[in-house]
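One structure is given here, and the rest of the page talks about it.
Just so you know, ligand 1 is whichever comes first in the structure, and atom 1 is the first atom listed for that ligand. Computation of the quantities below employed the complete heavy-atom set of this structure, encompassing side-chain atoms and omitting hydrogens, waters and symmetry-equivalent molecules.
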Amino acid sequence: MAAICVFCASSGTVDPRWTGLAAEVGLALAARGHSLVSGGGQVGMMGAVCRGARAGGAPTFGVIPEALMALEVADRDSDDLVVTRDMAERKTVMMDKADGFLVLPGGIGTLDELFEVWTTAALGMHRKPVVLLNVDDFYTGLLQWLKQLALAGFVRPPALDMLVIADSVAVALDAFEQEPDWTT
Ligand code: AMP
C-alpha cells in the first residue's frame, strides 16, 4: 500500500462534476489498495475525495491547520487527523506522509501545493512522483504557459519533464505505479 496525497479544491461552488471526479479518485485509489493523505477538510472536492476513499475502504490521513478547522470543516472521520500550527507545517506533514502527489483541479491553494511539491522535486529534495490530472483540459492553459517559460529559458526542461500529466483517473494512478521509485 502506498500513501497518495491528493491536492484539490476546497470550494463548494464548483460544478458538481468536479466533486464527482474527486469522489471517483478516492474510490479508485482505494480499489488499488492505496491510502489517502488529504488536507483534512470536509469541504468541496477535498471532502469528496476523503468520502470516496473511505467508501472504497482506504485509510485516510488528514492534515489541517488549527486556524482552518472551522472554515474547512475538519474531517473528524479520518482514521488519523493531525492539527498543525500553520499552513507551512501542514504542507511539510503532508509531504512527509505521502509516497506521491496527485493534483486535481483546484484554486490558488491547490496551485500553491502543486508548485511546492514540484519545485522541491525539481531541486532534488525528494523523489516522490507528482502527477497532474488534466481532465477536460483544466490545466492545459497553465501547461502551455509553462512550456513557453521553458522555451524562453526560465524553466529547465528536465523540471518540466518531472511533472507527469494524466488525462484520466486510471492513467494518473497507472503513472504512480510505473515510477521507478514507487514504493508498493
Ligand atoms: P483551494 O485550491 O484554494 O481551494 O485550496 C485547496 C487547499 O489548499 C485548502 O485546504 C487550502 O487551505 C490549502 N492551502 C491554501 N494555501 C496553502 C498554503 N500556502 N499551504 C498549504 N495549504 C494551502
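Judged by the shortest distance from any of its heavy atoms, A9 lies inside the 4.0 Å radius around the atoms of ligand 1. Distances shorter than 4.0 angstrom do not occur between any heavy atom of G39 and any atom of ligand 1.
Near C8, meaning under 4.0 Å from one of its heavy atoms, ligand 1 places the atoms 6 (C). Atoms of ligand 1 found under 4.0 Å from any heavy atom of D112 (numbered from 1 in listed order, with element): 17 (C), 18 (C), 19 (N), 20 (N). Which parts of ligand 1 touch G107 is read off a 4.0 Å heavy-atom cut-off, strictly below it: atoms 1 (P), 2 (O), 3 (O).
With respect to atom 21 (C) of ligand 1, the closest heavy atom belonging to the protein is K91 CG, 3.5 Å. The single protein non-hydrogen atom nearest to atom 22 (N) of ligand 1 is E113 OE2, 3.2 Å, given as residue, atom name and distance. Ranking protein heavy atoms by distance to atom 9 (C) of ligand 1, first place goes to E72 OE2, 3.1 Å. With hydrogens left out, the protein atom closest to atom 2 (O) of ligand 1 is T110 OG1, 2.6 Å, a heavy atom. Nearest protein heavy-atom neighbour of atom 13 (C) of ligand 1: R90 NH1, 3.2 Å.
Ion pair D77/R51 not flagged as a salt bridge, since none of the NZ, NE, NH1 or NH2 atoms sits closer than 4.0 Å to an Asp/Glu carboxylate oxygen. Using a cutoff of 4.0 Å between basic side-chain nitrogens and carboxylate oxygens, R54 and D79 are not scored as salt-bridged. With respect to K128 and E179, no salt bridge is recorded, no charged nitrogen being found less than 4.0 Å from a carboxylate O.
A distance-only check finds no donor-acceptor pair linking the side chain of H126 to the backbone of M95 [under 3.5 Å]. Checked by atom type and distance alone, the side chain of D15 never pairs as donor or acceptor with a backbone atom of W18 at under 3.5 Å.
Here A88 has no heavy atoms under 4.0 Å from ligand 1, in either its backbone or its side chain. Contact annotation: for L68 versus ligand 1, heavy atoms closer than 4.0 Å belong to the side chain alone. For M87, heavy-atom contacts with ligand 1 shorter than 4.0 Å involve the backbone as well as the side chain.
Between M46 and ligand 1, no pair of N/O atoms sits closer than 3.5 Å. The shortest N/O to N/O separation between G109 and ligand 1 falls below 3.5 Å.
Around CZ of R17, the count of heavy atoms belonging to other residues, nucleotides or ligands within 6.0 Å exceeds 12.
In terms of hydrophobic clustering, with Ile, Leu, Val, Met, Phe, Trp and Tyr side chains grouped at heavy-atom distances under 4.5 Å, V6 and M46 are assigned to different clusters.
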**OP:** Report the C-alpha separation of R90 and T84 in whole Å, then their side-chain angles, then the decisive distance to 0.1 Å, and conclude whether the side-chain hydrogen bond (donor to acceptor under 3.5 Å, both in side chains) test is met.
**Re:** CA-CA 6 Å; R90 177 201 233 176; T84 62; 5.8 Å; no
**OP:** Step by step, work out the side-chain hydrogen bond (donor to acceptor under 3.5 Å, both in side chains) result for N134 and T140.
**Re:** CA-CA 7 Å; N134 189 29; T140 297; 3.0 Å; yes
Distance-only donor-acceptor hits, side chain of residues 144-169, under 3.5 Å, sequence neighbours excluded:
from : atom 1 : to   : atom 2 : distance (Å)
R156 : NH2    : A122 : O      : 3.3
S168 : OG     : V171 : N      : 3.2

